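A short worksheet on the structure shown next.
Please read these numbers as outputs of a predicted model, since none were measured by experiment.
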Amino acid sequence: MSMITERPVSTPAGQPVRTAATESTTGPRDLRGVVAAYVALTKPRIVELLLVTTVPAMMLAHGGMPSLWLVAVVLVGGSLAAGAASVINCYIDRDIDQVMRRTKRRPLPAHTVSPRNALVFGVTLAVVSVVLMAVFTNLLAAALTLAAILYYDLVYTLWLKRTTAANTFWGGACGAAPVLIGWAAVTGTLAPAAWALFGVVFFWQMPHFYPLAMKYKDDYARAGVPMLPVVASTRRVNAEILIFAWLTVLTSLAVWPLGMSAVYGVPTLVVGAVFLVEAHRLAGRAARGEAVKPMRLFHWSTTYLTILFAAVALDALI
């Protein structure tokens, strides 16, 4: 079969006629767009953040660097699981996403991907991720992976997110699950240090997400989602940010005596102090009636968690 390389011809009215040659130039672009849409459904930034906590937990569980094969399996399986949860989340939330400015350009409300195809894609990723973990790690890690996906999509997205202002708190277990999954993949058990690191990520999600919800408060209100900043006063929201920021830092320090050295403890003290300062600054600006600038804390909270788990990894290596 030969390729058609004729140039586009024009009609008497001067309008170009689409030929096989023009189709061949637009096809790859369309394919890239479709691939990009499916990737966007997996929310890659969330996947990256989850993996930041997984590998250091594996290193601490092993007391050094686990086999690269195991790390690769957990990274791939964890990425697929997190992506699956996000895709199914997009499928369930497509009615909400289309009325929120922040999310209306996502593939489903933008009609780039059909709901049915998104659901099939998400379920396929979920099945592959769980099977991969079961075959190449152990049943505990696979069970935790499956539980995290089901809890995030069926308990949090489908129920808690739409019914209670405590949705972020109760949904926090999903974001902290990769710590347990990584630990279980290495040891087949869950030690106190694993639960302590789980607690760090669990508590961290409130001072991390509430600032984002503050910024997009009107969006959530428009969609009828009872996020805490929508249904509670700014004073109440900032009080919870402070409470959970302190719980995050205190829990991170509780990890120190569980086999960690100053290589972990000193950086954790420093970044924890900065984290608390930023949380108190946000609350202080709100109390004085100033512009709160919540995204400052949101972005710093990500830096805080990254540095803390980098310290976990470094301590495990040294």
Donor-acceptor pairs are to be reported for all side-chain atoms of residues 45-67 against protein atoms at under 3.5 Å, with residues two or more places apart or in another chain.
unit_1, atom_1, unit_2, atom_2, d
T53, OG1, L50, O, 2.8
T54, OG1, L50, O, 3.0
S67, OG, L70, N, 3.2

Show every donor-acceptor pair shorter than 3.5 Å between a side-chain atom in residues 239-252 and any protein atom, with sequence neighbours excluded, or say none if there are none.
unit_1, atom_1, unit_2, atom_2, d
E240, OE1, Y210, OH, 3.4
E240, OE2, R236, NE, 2.8
E240, OE2, R236, NH2, 2.9
W246, NE1, H280, NE2, 3.0
T248, OG1, F203, O, 3.4
T248, OG1, W204, N, 3.1
T248, OG1, F244, O, 2.6
T251, OG1, L247, O, 2.6
S252, OG, V249, O, 2.5

Report all side-chain donor-acceptor pairs from residues 212-226 shorter than 3.5 Å, counting only partners two or more places apart or in another chain.
unit_1, atom_1, unit_2, atom_2, d
D219, OD1, R101, N, 3.0
D219, OD1, R222, NH1, 2.6
D219, OD2, R101, N, 3.0
D219, OD2, R102, N, 2.8
Y220, OH, R102, NH2, 2.7

Mind listing the side-chain donor-acceptor pairs of residues 117-139 below 3.5 Å, one per line with the distance, residues two or more places apart or on another chain?
unit_1, atom_1, unit_2, atom_2, d
N117, ND2, S114, OG, 3.2
T124, OG1, V120, O, 2.7
S129, OG, L125, O, 3.3
S129, OG, A126, O, 2.7
T137, OG1, M133, O, 2.3
N138, OD1, L140, N, 3.2
N138, OD1, A141, N, 2.9
N138, ND2, A184, O, 2.7

Tabulate below the donor-acceptor pairs under 3.5 Å that side-chain atoms of residues 167-178 make, not counting sequence neighbours, or state none.
unit_1, atom_1, unit_2, atom_2, d
N167, ND2, K161, O, 3.1
N167, ND2, T164, O, 3.0

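Expressed to the nearest 0.5 Å, how far CG of L144 lies from CH2 of W183 amounts to 13.5 Å. The structure places CG of L158 at 5.0 Å from CD1 of I92, a figure rounded to the nearest 0.5 Å. Interatomic distance, CG of L160 versus CZ of R162, reported as 12.0 Å (0.5 Å rounding). For the atom pair OG1 of T145 and CG of L80, the computed distance is 10.5 Å after rounding to the nearest 0.5 Å.
In this structure, the side-chain contact (heavy atoms from CB on, under 4.5 Å) partners of P267, at least two apart in sequence or on a different chain, are A311. Among residues two or more places apart in sequence or in another chain, the salt bridge (charged side-chain N to carboxylate O under 4.0 Å, His left out) test is passed with R116 by none. With sequence neighbours left out, W256 forms a ring-ring contact (aromatic ring centres under 6.0 Å, His included) with no residue at all. With sequence neighbours excluded, the residues satisfying side-chain contact (heavy atoms from CB on, under 4.5 Å) with R285 are R281, L282, R288, E290, K293, R296. Scored by the side chain to side chain donor-acceptor pair (under 3.5 Å) test, K43 finds N89 as partners (sequence neighbours excluded). Under the ring-ring contact (aromatic ring centres under 6.0 Å, His included) criterion, F298 pairs with H208, not counting sequence neighbours. Residues that satisfy the side-chain contact (heavy atoms from CB on, under 4.5 Å) test with A286, not counting sequence neighbours, are T234, N238, V292.
Nearest heavy atom pair, residue D153 against residue A85, reads OD1-O, 2.8 Å.
The hydrophobic cluster containing L305 does not contain L314, counting ILVMFWY residues as joined when their side-chain heavy atoms lie under 4.5 angstrom apart, directly or transitively. No single ILVMFWY cluster, assembled from side-chain heavy atoms under 4.5 Å apart, contains both L308 and V277. Criterion: ILVMFWY side-chain heavy atoms under 4.5 Å apart, direct or through other members. Under it, L197 and L258 are not part of a common hydrophobic cluster. Neither V255 nor V263 shares a network with the other; the hydrophobic side chains, linked directly or stepwise wherever heavy atoms of I, L, V, M, F, W or Y lie under 4.5 Å apart, form separate groups for each. V270 and L276 sit in two unconnected hydrophobic clusters of ILVMFWY residues. Membership requires side-chain heavy atoms under 4.5 Å apart, directly or through other members.
Contact of the L108 side chain with the L41 side chain is registered, since non-hydrogen atoms from C-beta on lie closer than 4.5 Å. Put simply, the side chain of F309 reaches to within 4.5 Å of the side chain of V201, judged on heavy atoms. Residues D93 and R106 have side chains not in contact (no heavy-atom distance under 4.5 Å, counting atoms from C-beta outward). The shortest distance between side-chain heavy atoms of P107 and Y38 does not fall below 4.5 Å.
Using cut-offs of 30° and 60° on the angle between ring planes, the pair W195 and F198 is perpendicular.
Judged by distance alone, with hydrogens and angles left aside, the side-chain atoms of T42 form no donor-acceptor pair with the main-chain N or O of G83 at under 3.5 Å.
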